[in-house]
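Note that the structure is predicted; figures quoted are calculated from it, not measured. Residue numbering restarts at 1 for every chain, and letters A, B, ... go by the order of the sequence lines.
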Amino acid sequence: MFAGLRFTSLRLRLVVVFALVALTAAVSASGIAYWLNREAVLTRTQDGALNDFRQEMQNRAATLPLRPTEEDLRRTAEQMASGSAGYSVLLLGERDKGKPIIGASNPDTFTLADVPESLRVAVDTERPVREGDTSPYHLFWQRTQRGKTPYLVGGTRIAGGGPTGYMFKSLEAERADLNSLAWSLGIATALALVGSALLAQAAATTVLRPVHRLGEAARRLGEGKLDTRLRVSGTDELADLSRTFNSAAESLQKKVADMSAREESSRRFVADMSHELRTPLTALTAVTEVLEDEQDSLDPMIAPAVALVVSETRRLNDLVENLMEVTRFDAGTARLVLDDVDVADQVTACIDARAWLDAVELDAERGIMARLDPRRLDVILANLIGNALKHGGSPVRVAIRTEDGELVIEVRDHGPGIPEEVLPHVFDRFYKASASRPRSEGSGLGLSIAMENALIHGGSITAANSPDGDGAVFVLRLPQDDEQGEVEES
Amino acid sequence: MPFLLLIEDDDAIRTALELSLSRQGHRVATAATGEDGLKLLKEQRPDLVVLDVMLPGIDGFEVCRRIRRTDQLPIILLTARSDDIDVVVGLESGADDYVVKPVQGRVLDARIRAVLRRGERESTDSATFGSLVIDRSAMTVTKNGEDLQLTPTELRLLLELSRRPGQALSRQQLLRLVWEHDYLGDSRLVDACVQRLRAKVEDVPSSPTLIRTVRGVGYRLDVPA
């Protein structure tokens with residue numbers, strides 16, 4: 001299944017779309033959840049710590065004497081830090097004017113250096129007292145980072161020359177909580193992705209299996225197995241499509257059956273007719289010679305009539321013989337009678353038997369042996385050479401050679417060649433090169449029969465015009481050693 | 001003057017062929033059915049039978065087989081090329097040659113004369129191939145001293161092969177030598193005749209030791225070692 005996964009395949013597209021939808025949904029849901037959670041957690045912690053700090057500042061720092069000792073500050077800071085909120089405290093006071101002192105609850109973790117400058121400036125700024133804002137100093141806070149640990153730093157100053165206090169709370173625990181939340185959300189997103197991919201696969205399979213079956217059925221139909229039908233199940237669009245396919249296949253099958261029945265009956269008719277014609281022709285043929293022999297002693301008024309009967313009987317004979325040959329090919333009853341022959345001898349004999357020796361130049365070496373049906377080779381050659389003599393005029397050149405186990409016979413004339421528009425049709429039945437050409441020049445079956453005879457050997461004939469513009473070239477190719485060997489005895 | 005028996009059911013063809021063959025110098029007896037033909041054959045003893053394949057009643061093949069049971073006289077079949085199977089069956093039932101309808105009288109006459117020539121004596125010597133003795137003066141063949149009943153065609157084929165022992169002859173060569181056919185001879189004539197000849201002269205016809213097939217060439221008569 002995956003072997004056929006192309007980038008444009010429906011399956012891949014389904015998977016990608018499903019995954020994108022799942023990813024968007026999961027990421028936005030997770031993002032919102034994370035953000036809300038983070039705000040809630042941080043705000044709660046921060047508010048708790050700052051409120052506690054403010055409370056402690058008022059309760060303890062404000063009660064310090066105006067000029068506290070460093071010891072006082074340190075003790076108060078320690079007391080303030082000992083609450084449940086878990087922060088460190090730094091108190092800044094003045095022992096004397098211009099003599100700042102510092103008291104830290106936890107000097108190892110929190111010194112003045114850890115307080116950002118901007119926060120200190122904000123805390124130390126005295127604001128004008130107005131209505132609704134009665135304090136000259138406010139509580140300020142900032143989230144900061146020391147090393148990799150996030151911290152909350154807050155600070156305020158007791159009004160009226162009291163000490164300045166800073167609190168320092170680690171947000172490590174919150175961060176850990178938020179990190180584990182992020183991890184969970186990430187895993188959930190990943191699971192959603194995997195789930196969506198699996199769902200997409202399942203969806204693709206349910207859609208694609210019928211599509212695949214449909215494709216397979218269409219291919220079989222195309223190969224000519226017209227009885228191909230699909231099993232229709234369900235009522236969805238694909239079932240509709242299957243039904244449409246079935247009815248199309250059925251009407252196609254019917255049409256083809258009709259056509260082949262009609263073709264078969266017309267073939268049978270031609271075959272029967274030519275058979276029927278043969279009986280009177282046999283009688284006629286047997287006596288034409290009698291007439292022919294007596295022609296000279298006949299009345300000069302009757303002799304031409306007799307000559308006409310004789311020659312037309314011959315033509316009728318040829319026509320019927322060609323028709324029967326064609327019907328044999330059509331009916332598939334034509335058989336090869338194979339023999340091992342010397343091709344040059346066969347070609348020479350063919351030319352000789354028709355008294356064409358003066359008009360044909362033969363370029364062939366004796367000793368080229370081929371296994372073929374000598375009668376059919378003769379039919380092919382007689383048609384090709386006869387055609388060349390008729391349309392191209394002598395001399396016709398016949399060349400025989402072998403090429404990779406193939407027998408190649410080339411028949412070349414020096415006539416006007418074949419018009420380009422006629423070239424594809426030269427082997428068609430009853431095709432005449434020109435409509436004005438009288439029908440009497442031949443049966444119109446010669447080249448088509450030659451082609452059929454080549455095909456039954458597993459060979460072919462090609463027609464072309466000579467590249468130098470001097471006449472037409474027909475090339476016959478036959479397998480030199482036909483393996484069919486139908487009449488071969490062991 | 002050769003005496004022919006023509007068996008042909010169609011009146012027009014029979015009359016026309018009788019006319020044509022008579023003009024070629026033959027004496028012709030005719031019959032319209034196979035049964036009549038067989039009866040005539042016994043009464044008049046012709047030199048050769050020209051036999052149509054398609055006959056009402058018993059067909060040409062059956063007539064041919066019945067003649068061959070008792071007689072070795074030459075038989076020429078009148079057949080239609082469209083029915084390739086006709087030729088094969090006809091040759092297997094013992095016909096010596098066949099012509100395709102419609103046939104010209106001259107062609108049929110040439111075939112008849114060729115068949116009749118096969119029985120003519122040409123030399124006076126004899127040859128021995130194992131248990132097979134070919135007496136060219138008496139035109140007889142004996143196997144283990146027993147006379148073999150060969151048709152003139154079978155005899156001529158054996159004579160042509162025995163004249164060139166050990167040398168392979170192609171089917172086309174044999175067709176020229178024995179049947180006197182032109183270059184378009186039907187190789188099945190040779191194959192069928194060889195089969196019939198083997199059935200008569202070989203010890204085991206299915207594994208011949210005298211008349212051997214030479215693949216890609218034709219046939220050869222071997223002198224047994």
Side-chain angles (χ1 to χ4, degrees), chain A residues 271 274-275 277-294 313-314 316-318 320-321 323-325 327-328 331 333-342 345-350 352-353 369-371 373-379 382 481 485-490, chain B residues 8-24 52 54 78 80-85 87-88 99-109 168 170-173 175 181-192 194-195 198 206-208 213-219:
Chain A
S274 36
H275 259 277
L277 284 171
R278 188 164 45 184
T279 306
L281 263 179
T282 303
L284 276 176
T285 306
V287 291
T288 46
E289 280 167 5
V290 179
L291 291 176
E292 210 176 12
D293 292 347
E294 297 300 322
T313 305
R314 296 241 161 91
L316 195 56
N317 244 334
D318 290 346
V320 168
E321 186 52 47
L323 262 181
M324 291 202 307
E325 189 87 2
T327 59
R328 278 194 289 274
T333 54
R335 295 282 176 273
L336 283 174
V337 181
L338 295 174
D339 199 3
D340 301 291
V341 297
D342 185 316
D345 284 356
Q346 290 292 315
V347 177
T348 310
C350 168
D352 190 21
M369 298 297 290
R371 184 162 179 74
D373 185 327
R375 188 185 67 81
R376 294 190 187 280
L377 175 67
D378 186 65
V379 169
D481 186 15
E486 280 176 60
V487 292
E488 175 67 23
E489 44 135 7
S490 55
Chain B
E8 163 65 61
D9 63 316
D10 187 86
D11 289 341
I13 297 179
R14 193 174 60 242
T15 312
L17 282 179
E18 186 184 2
L19 190 68
S20 170
L21 289 172
S22 301
R23 280 184 58 88
Q24 305 285 349
D52 184 25
M54 299 291 283
L78 280 173
R81 175 143 44 220
S82 59
D83 317 300
D84 266 315
I85 198 79
V87 174
V88 177
V99 289
V100 178
K101 289 201 276 190
V103 63
Q104 294 181 21
R106 265 194 282 271
V107 174
L108 182 55
D109 174 58
S170 77
R171 291 177 180 81
Q172 295 294 329
Q173 273 177 302
L175 281 165
H181 280 197
D182 61 7
Y183 67 108
L184 290 182
D186 184 342
S187 57
R188 291 174 301 186
L189 282 169
V190 185
D191 295 332
V194 165
Q195 292 301 327
R198 277 174 179 166
S206 57
S207 54
T213 303
V214 184
R215 245 198 118 77
V217 185
Y219 296 101

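For a residue to count as touching a neighbouring chain, one of its non-hydrogen atoms must lie under 4.5 Å from one of that chain's; by this rule A:Ala271 does not touch chain B. Heavy-atom distances place the side chain of A:Val341, and not its backbone, under 4.5 Å from chain B. Proximity to chain A is limited to the side chain of B:Gln24, based on heavy atoms less than 4.5 angstrom apart. Looking at A:Gln346, the atoms closer than 4.5 Å to chain B (heavy atoms on both sides) sit in the backbone and in the side chain alike.
Between B:Ala16 and A:Ala283 the shortest heavy-atom distance is CB-O, 3.2 Å. The two residues B:Leu184 and A:Pro374 come nearest to each other via the heavy atoms CD2-O, 3.4 Å. Of all non-hydrogen atoms in A:Ala286 and B:Ser20, the two that sit nearest each other are O-CB, 3.4 Å.
The shortest distance between side-chain heavy atoms of A:Asp293 and B:Arg106 falls below 4.5 Å. Annotation: side chain of A:Thr279 is in contact with side chain of B:Ile13 (closest heavy-atom distance under 4.5 Å). Within the 4.5 Å cutoff, no side-chain heavy atoms of A:Glu292 are placed close to those of B:Gln104. Two residues are said to be in side-chain contact when any heavy atoms from C-beta on lie closer than 4.5 Å; A:Asp340 and B:Val217 fail this criterion.
Side chain of B:Ser187 to main chain of A:Leu338: a donor-acceptor pair is present (N/O by atom type, distance under 3.5 Å, no hydrogens or angles).
Here the straight-line distance linking atom OG of B:Ser170 with atom CG of A:Asp342 works out to 9.5 Å at 0.5 Å rounding. Rounded to the nearest 0.5 angstrom, A:Arg278 CZ and B:Asp10 CG are separated by 12.0 Å.
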Practice item. Could you go through the side chain to side chain contact (heavy atoms under 4.5 Å, CB included) check for B:Val103 and A:Thr285 one step at a time? Key: CA-CA 7 Å; B:Val103 63; A:Thr285 306; over 6 Å; no

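The residues A:Glu294 and B:Arg23 are annotated as salt-bridged, a charged nitrogen and a carboxylate oxygen being separated by less than 4.0 angstrom.
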